[in-house]
Amino acid sequence: MRRHLPTSPWLFAAPGLVITGVFILYPFVSTLVNAFTDRRTLIPGKFVGLANFRELLHDDMFWIGLRNSTLYVLGVVPALVLLPLLLALLVQKNIPGITFFRSAFYTPVVASIVVVGLIWVWLLDERGLVNSLLETIGVGRVGFLSDQWLLLLSAMAVTVWRGLGYYMIIYLAALANVPRELHEAAMVDGAGAVRRFFTVTVPAVRSTMVLVGALSSVSAFKVFSEVYLMAGPDGGPAGEDTTLVMLVQRTGTGLTGRVGYASAISVVVFVVTVVLMLLVLRADRKEEA
């Protein structure tokens, strides 16, 4: 036992290391290798250098996917940074019944994305509840799921709705560490609620806002489920709502899937997400300076 005692920490860590290696490290390395080959689903393929990346530059669907993924980040991230903070401020007080509202706001987070997507599709369909109400008040039916831009905005709304509760919990933890003395001092100086929000609350949770911004940016750029469920596997009208991850799924699956080309797109997604995180962290450091 004494002879094997130094190895015991590795025995405890072994299950986690095996899972990480099999489901994270190996797929990551395999994707990098495949990106430089012409591999298909049933064909090993051979090394082709940068041919897949050169093809990306001339692929219209790649640029459509990059445009939609970028627009998704620009539309979703600001809302997911600000709205959960406001929601956390509303529910942070310990008043009777507040636990119910915290649970209600968090429910979409734990709900299945497939169920959530189908519910929103039924709501926004041409004959769904929302269009029926709009027709009742005389507005007329709106093509939420048939118009290119309305479909993308609808998917963004679903993403924001699902993420509110998750990021609200993160903000609640950060707000619990804000000293009450700061708010009391600001109130003595005559600062109102809005002024205290910008001079006390925002500076105190700024690091958390950066964290939320980084997490939501990466998540938004890699969006798949919401758009796939609402736009369908073809990516909406003429594929105009296709995102990069949807393009990876469409290109790299099936018996004739181009695994090498899909891996090249995945590498681009990885690089962009890393750049997004670095930009957010650099902006935070510049703000601190």
Could you check whether any side-chain heavy atom of N68 comes within less than 4.5 Å of a side-chain heavy atom of L152, counting everything from C-beta outward?
yes
Smallest heavy-atom separation, S103 atom then T107 atom, equals O-OG1, 2.7 Å
With Y261, the side chain to side chain donor-acceptor pair (under 3.5 Å) member among T251, N52, N34, D59
D59
Could you work out, with salt bridge (charged side-chain N to carboxylate O under 4.0 Å, His left out) as the rule, every residue matching E126, not counting sequence neighbours?
none
So, taking the atom named CD1 in I265 and the one named CD in E55, what distance separates them when rounded to the nearest 0.5 Å?
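Those atoms lie 8.5 Å apart.
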Same cluster or not: are I24 and V18 linked, directly or through other Ile, Leu, Val, Met, Phe, Trp or Tyr residues, by side-chain heavy atoms under 4.5 angstrom apart?
no
So how far is it from S225 OG to R162 CZ, rounded to the nearest 0.5 Å?
7.5 Å
Any idea which heavy atoms bring P84 and A79 closest together, and the distance?
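Heavy atoms of P84 and A79 come nearest at CD-O, 3.3 Å.
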Under 3.5 Å donor-acceptor, Y171 side chain and V81 backbone:
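Yes; judged by distance alone, with no hydrogens or angles, the pair exists.
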Under 4.5 Å between side-chain heavy atoms, counting indirect links through other Ile/Leu/Val/Met/Phe/Trp/Tyr residues: same cluster for V218 and L247 or not?
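Result: no, two separate clusters.
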Hey, does the side chain of T37 reach the backbone of G45 with a donor-acceptor pair shorter than 3.5 angstrom?
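Not a single qualifying donor-acceptor pair exists.
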So which atom in V205 and which in A174 form the shortest heavy-atom distance, rounded to 0.1 Å?
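So the minimum-distance heavy-atom pair works out to CG1-CB, 3.9 Å.
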For a 4.5 angstrom cut-off between non-hydrogen side-chain atoms, does L57 reach F62?
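A side-chain contact under 4.5 Å is absent here.
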Looking only at heavy atoms, which two atoms of S216 and L80 are closest? And how far apart?
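Closest approach of S216 to L80: CB-CD1, 4.0 Å.
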Nearest 0.5 Å please: distance from the CG atom of L85 over to the CG atom of L90.
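Rounded to the nearest 0.5 Å, the CG-CG separation comes out at 10.0 Å.
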Below 4.5 Å, heavy atoms only, C-beta onward: do L66 and F221 meet side chain to side chain?
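Yes, side chains in contact.
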When you look at R39 and S263, which way does the side-chain hydrogen bond (donor to acceptor under 3.5 Å, both in side chains) test go after all the steps?
CA-CA 10 Å; R39 180 180 178 182; S263 298; over 6 Å; no
Can you find a heavy atom in the side chain of L134 that is under 4.5 Å from one in the side chain of N131?
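Sidechains of N131 and L134: in contact.
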Same apolar cluster: I170 and L86, side chain cutoff 4.5 Å
yes
Quick one: does V267's side chain get under 4.5 Å of F36's, heavy atoms only?
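Answer no - side chains too far apart.
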Please report the shortest heavy-atom distance between L276 and S217, naming the atom on each side.
CD1-O, 4.1 Å
Aromatic plane relationship, F105 with F101 - under 30° parallel, 30 to 60° tilted, over 60° perpendicular
tilted
Under 6.0 Å from the CE atom of M61, do we count more than 12 heavy atoms belonging to anything else shown?
yes
Supply the members, apart from I113, of the Ile/Leu/Val/Met/Phe/Trp/Tyr cluster built from side-chain contacts under 4.5 Å; use none for a lone residue.
V114, L118, W122, L229
Derivation of the side-chain contact (heavy atoms from CB on, under 4.5 Å) call for V178 and T201:
CA-CA 8 Å; V178 179; T201 303; 5.9 Å; no
Apply the test side-chain contact (heavy atoms from CB on, under 4.5 Å) to residues Y167 and L215: give CA-CA distance (whole Å), side-chain angles for both, the deciding distance (0.1 Å), then the verdict.
CA-CA 10 Å; Y167 296 116; L215 293 176; 4.0 Å; yes
Any donor and acceptor pair, going by atom type alone, linking the side chain of R102 with main-chain N or O of Q92 inside 3.5 Å?
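A pair under 3.5 Å: yes.
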Determine which pairs satisfy salt bridge (charged side-chain N to carboxylate O under 4.0 Å, His left out) with at least one residue from residues 207-219, sequence neighbours left out, and list them in order.
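Of all non-adjacent pairs touching residues 207-219, none passes salt bridge (charged side-chain N to carboxylate O under 4.0 Å, His left out).
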Tested for side chain to side chain contact (heavy atoms under 4.5 Å, CB included) against F144, the lone hit among L151, L153, L124 is L124
Return each pair, listed once, that meets salt bridge (charged side-chain N to carboxylate O under 4.0 Å, His left out) where at least one residue sits in residues 220-244; pairs must be two or more places apart or across chains.
R67-E240
Rounding to 0.5 Å, atoms CD1 (I64) and CD (Q148) come to a distance of 8.0 Å
Mind checking what makes ring pair (Phe, Tyr, Trp, His ring centres under 6.0 Å) contact with Y26, not counting sequence neighbours?
none
Give, for atom CE of M187 and atom CZ of R195, the distance between the pair rounded to the nearest 0.5 Å.
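Here the rounded value is 14.5 Å.
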On the 0 to 90° scale, with breaks at 30° and 60°, tag the F28-F270 ring pair as parallel, tilted or perpendicular.
perpendicular
Taking V223's backbone N and O only, do any of them form a donor-acceptor pair with T243's side chain (distance below 3.5 Å, no angle check)?
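Here the side-chain-to-backbone pair exists.
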hydrophobic_cluster_shared for V73 and V274, side chain cutoff 4.5 Å
yes
Measuring from atom OG of S132 to atom CD1 of I137, what distance do you get when rounded to the nearest 0.5 angstrom?
11.5 Å
Of all heavy-atom pairs linking T159 and Y72, the shortest is OG1-OH, 2.6 Å
Same apolar cluster (I L V M F W Y, side chains within < 4.5 Å links), V202/L87
yes
Salt bridge (charged side-chain N to carboxylate O under 4.0 Å, His left out) partners for D38, two or more places apart:
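Applying salt bridge (charged side-chain N to carboxylate O under 4.0 Å, His left out) to D38 gives K46.
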